[in-house]
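Below is one structure, written out as structure tokens; the observations come after it.
Quick caveat: nothing in here was measured; it's all calculated off a predicted structure. FYI, side chains are in, hydrogens and waters are out, and symmetry mates aren't considered; it's all heavy atoms of this structure.
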Amino acid sequence: MLKIAFCDDETAEIAQLEELLKEYAAARGQEFVHTSYQSSVELMADIEKGERFDIMLLDILMPGENGMTAAREVREHDTNVKIIFLTASPEFAVESYAVDAWYYQLKPIRQEDFFRLMDSACAACSKEQTHSLILRSKSGIVRVELEKLVYCEVMGRTLTFHLNSGVVLESMGRLDDLCDQLVPYPNFLRPHRSFLINMEYIANIAARSITMQDGAEVPVPHGKYSELKNRYLSYIFDRKQVVL
């Protein structure tokens, strides 16, 4: 069930969005939980308390703190929410890219516009939820797409996630639990008790270590080389990658 936030200072606009969501849910056979805010201050108060949404429809021209400023603050806590700006003015369209907005929609909002926006955002959310991890890191709640995870290392109770972008995230947890969650994904391999790696990013396997494409070296325990090499070869053959 997706969580939606509406933020608009006009009561009539909020009522319209709520009615459109009701119509959309009925038409698509989906259920949503939504929360409505009449100021960005109210929205940010909940965000700072840990509230998270999948999709946020945010008015830009509001008294006090405008929607663009609020979106920048939201991004400090949540990099994954799909932000859709609703506005009567096109002047902030370029600026919306700076906060990674999902869409910039001019008012008035027609049913066909709303349905199109929701179809696109919901499809993206569903895809991410299927192939992603939700981490509670120092920067807030982060959704990590599995295809971007290069490897994970555990030290004590801290899991360190290395992404293909060079970003490193830390979260509390057990590597055993992470491995259990990723059993359905054959590209993940645990070559060492302290490491879980994505075989898509292996650059080289040797008797003593596995070198990842980012240059990181993962130790290979004594006597495990043949088993790990065979697991990797089996994986790449299944993927029909060429081995010379």
Side-chain angles (χ1 to χ4, degrees), residues 1-7 30-37 40-58 65 67 69-84 98-102 121-185 187-198 200-201 212 214 216 218:
M1 184 181 295
L2 297 180
K3 297 177 67 175
I4 317 292
F6 299 140
C7 186
Q30 294 189 20
E31 293 185 7
F32 299 94
V33 174
H34 82 276
T35 307
S36 298
Y37 301 92
S40 58
V41 174
E42 295 174 359
L43 170 65
M44 285 312 305
D46 277 356
I47 293 290
E48 290 170 0
K49 291 176 184 176
E51 184 67 76
R52 293 294 178 266
F53 299 97
D54 298 293
I55 301 170
M56 184 179 296
L57 289 94
L58 185 61
E65 183 178 78
T69 301
R72 292 194 188 93
E73 294 181 10
V74 167
R75 283 293 181 234
E76 293 178 4
H77 299 270
D78 189 341
T79 59
N80 299 300
V81 60
K82 304 292 182 290
I83 297 176
I84 297 173
V99 293
D100 194 25
W102 185 254
C122 288
C125 289
S126 296
K127 180 181 178 181
E128 290 175 2
Q129 288 178 354
T130 302
H131 303 291
S132 63
L133 292 168
I134 304 297
L135 306 179
R136 186 179 296 276
S137 69
K138 293 178 181 178
S139 59
I141 305 297
V142 181
R143 187 187 301 277
V144 175
E145 295 178 44
L146 293 180
E147 65 182 22
K148 297 180 180 180
L149 176 59
V150 178
Y151 71 97
C152 178
E153 180 180 6
V154 64
M155 289 176 283
R157 291 281 296 174
T158 301
L159 295 170
T160 305
F161 296 83
H162 297 260
L163 309 186
N164 61 3
S165 61
V167 171
V168 178
L169 301 171
E170 290 186 354
S171 182
M172 301 302 292
R174 299 171 66 245
L175 193 58
D176 288 345
D177 294 336
L178 177 62
C179 291
D180 288 343
Q181 290 183 59
L182 298 183
V183 166
Y185 302 92
N187 52 311
F188 287 98
L189 172 68
R190 189 176 186 177
H192 185 281
R193 65 182 181 181
S194 298
F195 290 88
L196 178 70
I197 66 174
N198 187 341
E200 285 293 320
Y201 294 98
M212 308 303 290
D214 64 356
V218 177

(request) Evaluate the criterion side chain to side chain contact (heavy atoms under 4.5 Å, CB included) for residue pair Asp54 and Lys82; output intermediate values, then yes/no. (result) CA-CA 6 Å; Asp54 298 293; Lys82 304 292 182 290; over 6 Å; no

(message) Has Ser40 got a side-chain atom pairing as donor or acceptor with Ala70's backbone, closer than 3.5 angstrom?
(response) no

(request) Please check if the side chain of Arg52 supplies one atom and the backbone of Ile47 the other of a donor-acceptor pair under 3.5 Å. (result) yes

Got a second to check how far [X]'s [atom1] is from [Y]'s [atom2], nearest 0.5 Å?
{"X": "Phe53", "Y": "Phe32", "atom1": "CZ", "atom2": "CZ", "result": "14.5 Å"}
{"X": "Thr160", "Y": "Phe195", "atom1": "OG1", "atom2": "CZ", "result": "9.5 Å"}
{"X": "Glu48", "Y": "Leu43", "atom1": "CD", "atom2": "CG", "result": "9.5 Å"}
{"X": "His162", "Y": "Tyr151", "atom1": "NE2", "atom2": "OH", "result": "3.5 Å"}
{"X": "Ile134", "Y": "Gln181", "atom1": "CD1", "atom2": "CD", "result": "10.0 Å"}
{"X": "Glu170", "Y": "Met155", "atom1": "CD", "atom2": "CE", "result": "6.5 Å"}

(request) I would like to know whether Cys152 and Leu178 meet side chain to side chain contact (heavy atoms under 4.5 Å, CB included); could you show each step before the answer? (result) CA-CA 9 Å; Cys152 178; Leu178 177 62; 3.8 Å; yes

(request) Compare every heavy atom of Glu147 with every heavy atom of Asn198, then report the nearest pair and how far apart it is. (result) ND2-O, 4.3 Å

(message) Minimum heavy-atom separation for Arg193 and Leu175, please, with both atom names.
(response) O-CD2, 3.3 Å

(request) For residues Arg157 and Arg174, determine if any side-chain heavy atom of one lies less than 4.5 Å from a side-chain heavy atom of the other. (result) yes

(message) If you define the side chain from C-beta out and look only at heavy atoms, does anything of Val150 sit under 4.5 Å from Asn164?
(response) yes

(request) Quick one: do Leu146 and Phe188 satisfy side chain to side chain contact (heavy atoms under 4.5 Å, CB included)? Show the steps, please. (result) CA-CA 10 Å; Leu146 293 180; Phe188 287 98; 4.3 Å; yes

(request) For a side-chain contact (heavy atoms from CB on, under 4.5 Å) with Leu159, tell me which candidate from Asp177, Val154, Leu133, Leu169 qualifies. (result) Val154

(message) Ile55 and side-chain contact (heavy atoms from CB on, under 4.5 Å): which single residue from Ile83, Ile84, Val81 fits?
(response) Ile84

(request) Could you walk me through whether Phe161 and Leu149 pass the side chain to side chain contact (heavy atoms under 4.5 Å, CB included) test, one step at a time? (result) CA-CA 7 Å; Phe161 296 83; Leu149 176 59; 3.8 Å; yes

(message) A quick test of your reading: do over 12 heavy atoms of other residues, nucleotides or ligands sit less than 6.0 Å from NZ of Lys148?
(response) no

